[in-house]
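What follows is a short report on a single structure.
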Amino acid sequence: MKRIINNLLGVFFALILVLNSLTVSAKKIKLGFIPLTDCAPLVAAKELGLFAKYGLDVELSKEASWANIRDKILNGELDGAHCLFSMPFSVYTGIGGKAGSEMKIAMVLNNNGQAITLSKDFCNLLGYKEIAKVGAAIKKIQARKEVTFAMTFPGGTHDIWLRNWLAAAGVNQKSVGIITIPPPQMVANMKVDNMEGFSVGEPWNGVAASQGIGFTHIASQDIWKDHPEKALVVNAAFANTNKQELKQMMKAIIEACKWLDVLSNRKKAATWLTKPYYVNAPLAVIEARLMGSSDLGCDLGVQRYKGDFMTFYKGGLVNTPRKSHGMWFMAQYVRFGMLKAEPNYKAVAEKLVLDDLFAEVAKEMKVPIQPDMVPFKTTYDVSFDPANIGAYLKTTKK
């Protein structure tokens, strides 16, 4: 009898091992990322074994540009990616891709942590956050050469931070050149004098300052404190047919975001990000800006942010994907003439933002959900009410 029981137990445990093996060997999920500091949630989830903890086999794929990320998400070569929050709206409205193409936003990965860097041409003409001096400085440089600024994707977050900054400074968008350059190529392009400024994520602003080719003029959190920046964006068919896997992925990433917001963990995160197969930038630069300390360059000293530097969880304030934020980005497209007609803001946001799915995950993870569809205000602009975008567009600076 004892032998029979032992045999049955053996079969039972063997069955468990097979089932576990089947779970672990589930379909490989491929997530893309651009070498930027804020790809950290995906990197941390991988390095900490959190994807495996939730039964997922995730492969991270380093991509060369946001256009690459767009194309690969749309054709299914990537199941999802670390992506500009506004990119799905830019692509859907035809600014950054074929109009009507759907990329779904599952959750926000981080707030803040981008900046506008100006070349040495601007040294001694203006300093940190001296927006009132921007117009005169540009005109002074234009007296001897054209002035061009670079951003990373049409209608992307960096494009909109740049245009908001120009509007706040009273500079006509059409009086300067605006070009698109992938994030890791910004510093090299400024070195060869292809542009006089760029808007990009870290660590590339820090790298430019450390190499003495420019200085950090303003951070994105100075333009809009705690703005949505990168998001987990997924292929539409993947979201429809792999709901459980997507929820498990989001749980792993939320755990990674919580881990990253413990400052004592960020030095460890920086050692991962500095690797060639992730960001491939100097450890000291990645670590300093990840810890909220920015050596601005051009002898402007060090700016230390407290609480409003790059955040990944912040007590649950970061990760809720909000339709109103997507509507704000689409309003910027109208504001700056990138769209000739107003889109159906709410319908597009409802199509692209998976807020119901996030609410399910948040409830199971006991993560607080943030309020949506309420008015809010950025630093240099008038209040934005998603229920009355027409009024906003009538009063905001162009």
Side-chain angles (χ1 to χ4, degrees), residues 33-44 47 82 84-85 108-119 127-129 150-152 157-158 161-162 165 182-188 190-191 197-230 256-257 259-276 278-314 318:
F33 71 92
I34 292 290
L36 289 161
T37 303
D38 53 24
C39 72
L42 269 57
V43 171
E47 295 290 340
H82 150 254
L84 302 163
F85 176 83
V108 176
L109 298 177
N110 72 292
N111 288 169
N112 309 324
Q114 323 300 299
I116 292 174
T117 287
L118 300 179
S119 72
Y128 174 67
K129 287 204 304 185
M151 48 76 191
T152 65
T157 53
H158 303 118
W161 307 145
L162 179 67
W165 169 71
Q185 297 176 26
M186 287 292 188
V187 175
M190 185 174 272
K191 270 184 184 173
F198 61 69
S199 173
V200 76
E202 298 297 352
W204 305 115
N205 299 287
V207 170
S210 71
Q211 293 186 4
I213 64 169
F215 66 98
T216 303
H217 165 62
I218 191 169
S220 57
Q221 55 265 38
D222 299 320
I223 296 170
W224 178 2
K225 183 180 176 182
D226 294 337
H227 63 80
E229 179 51 43
K230 300 302 185 301
C257 288
W259 184 86
L260 284 165
D261 264 10
V262 178
L263 279 185
S264 57
N265 291 333
R266 291 199 174 193
K267 290 191 175 184
K268 181 66 177 175
T271 65
W272 294 328
L273 293 169
T274 191
K275 303 291 185 187
Y278 288 133
V279 177
N280 194 26
L283 173 63
V285 175
I286 293 175
E287 183 181 305
R289 298 222 168 187
L290 197 53
M291 301 293 282
S293 176
S294 297
D295 187 341
L296 300 172
C298 274
D299 297 323
L300 293 174
V302 175
Q303 170 68 23
R304 289 187 172 81
Y305 290 91
K306 292 183 179 178
D308 60 348
F309 49 98
M310 188 179 290
T311 52
F312 300 95
Y313 182 70
K314 204 173 183 178
V318 173

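These figures come from a predicted structure and were not determined experimentally. These numbers come from the heavy atoms of this one structure, side chains and all, not from hydrogens, waters or symmetry mates.
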- Item | Test side chain to side chain contact (heavy atoms under 4.5 Å, CB included) applied to K268 and W259, step by step | CA-CA 11 Å; K268 181 66 177 175; W259 184 86; 4.0 Å; yes
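Heavy-atom minimum distance, G201 versus H158: N-NE2, 3.3 Å. Across A208 and T117, no two heavy atoms sit closer than the pair CB-CG2, 4.1 Å. When all heavy atoms of V285 and G206 are compared, the pair lying nearest together is CG1-C, 3.6 Å. Taking both residues in full, the closest heavy atoms of K267 and E287 are given as CE-OE2, 3.4 Å, listed atom of the first, atom of the second, then distance. V200 and M186 make their closest contact through CG2-CG, 4.0 Å (heavy atoms, listed as atom of the first residue, atom of the second, distance).
Of the possible donor and acceptor atoms, one in the side chain of N111 sits under 3.5 Å from a partner among the backbone N and O of H227. Between the side chain of T274 and the backbone N or O of A281 there is at least one donor-acceptor pair closer than 3.5 Å. For H217 (side chain) and G127 (main-chain N/O), a donor-acceptor pair under 3.5 Å exists by modelled atom type.
Within a 6.0 Å radius of NZ in K225, other residues, nucleotides and ligands contribute 12 heavy atoms or fewer.
The distance from atom CZ of F215 to atom CG of L300, rounded to the nearest 0.5 Å, is 6.0 Å. The distance from the OH atom of Y313 to the SG atom of C257 is 9.5 Å, given to the nearest 0.5 Å. Distance check: Y128 OH to L296 CG gives 7.0 Å after rounding to the nearest 0.5 Å. Note that CG of D261 is 9.0 Å distant from NZ of K314, once rounded to the nearest 0.5 Å. One distance of note links SG of C39 with CG of L273; it measures 5.5 Å at 0.5 Å rounding. For the atom pair CH2 (W161) and OG (S220), the distance works out to 6.5 Å, reported to the nearest 0.5 Å.
A donor-acceptor contact closer than 3.5 angstrom links the side chains of K191 and Q211.
Annotation: side chain of L36 is in contact with side chain of W204 (closest heavy-atom distance under 4.5 Å). Side-chain contact check for W224 versus T157: every heavy-atom pair is 4.5 Å or farther apart. The side-chain heavy atoms of P35 and N280, taken from C-beta on, include no pair separated by under 4.5 Å. Residues I218 and I223 meet the side-chain proximity criterion, which asks for heavy atoms closer than 4.5 Å. L260 has its side chain within reach of P41: a pair of non-hydrogen atoms, C-beta onward, lies under 4.5 Å apart. Two residues are said to be in side-chain contact when any heavy atoms from C-beta on lie closer than 4.5 Å; F309 and E202 fail this criterion. E229 places a side-chain heavy atom less than 4.5 Å from the side chain of L84. Side-chain atoms of P282 and V207, non-hydrogen and from C-beta on, do get closer than 4.5 Å to each other.
The side chain to side chain donor-acceptor pair (under 3.5 Å) test with N112 singles out one residue from D226, D38, D222, and that residue is D226. If you run side chain to side chain donor-acceptor pair (under 3.5 Å) between R289 and each of T216, T37, N205, only T216 comes through.
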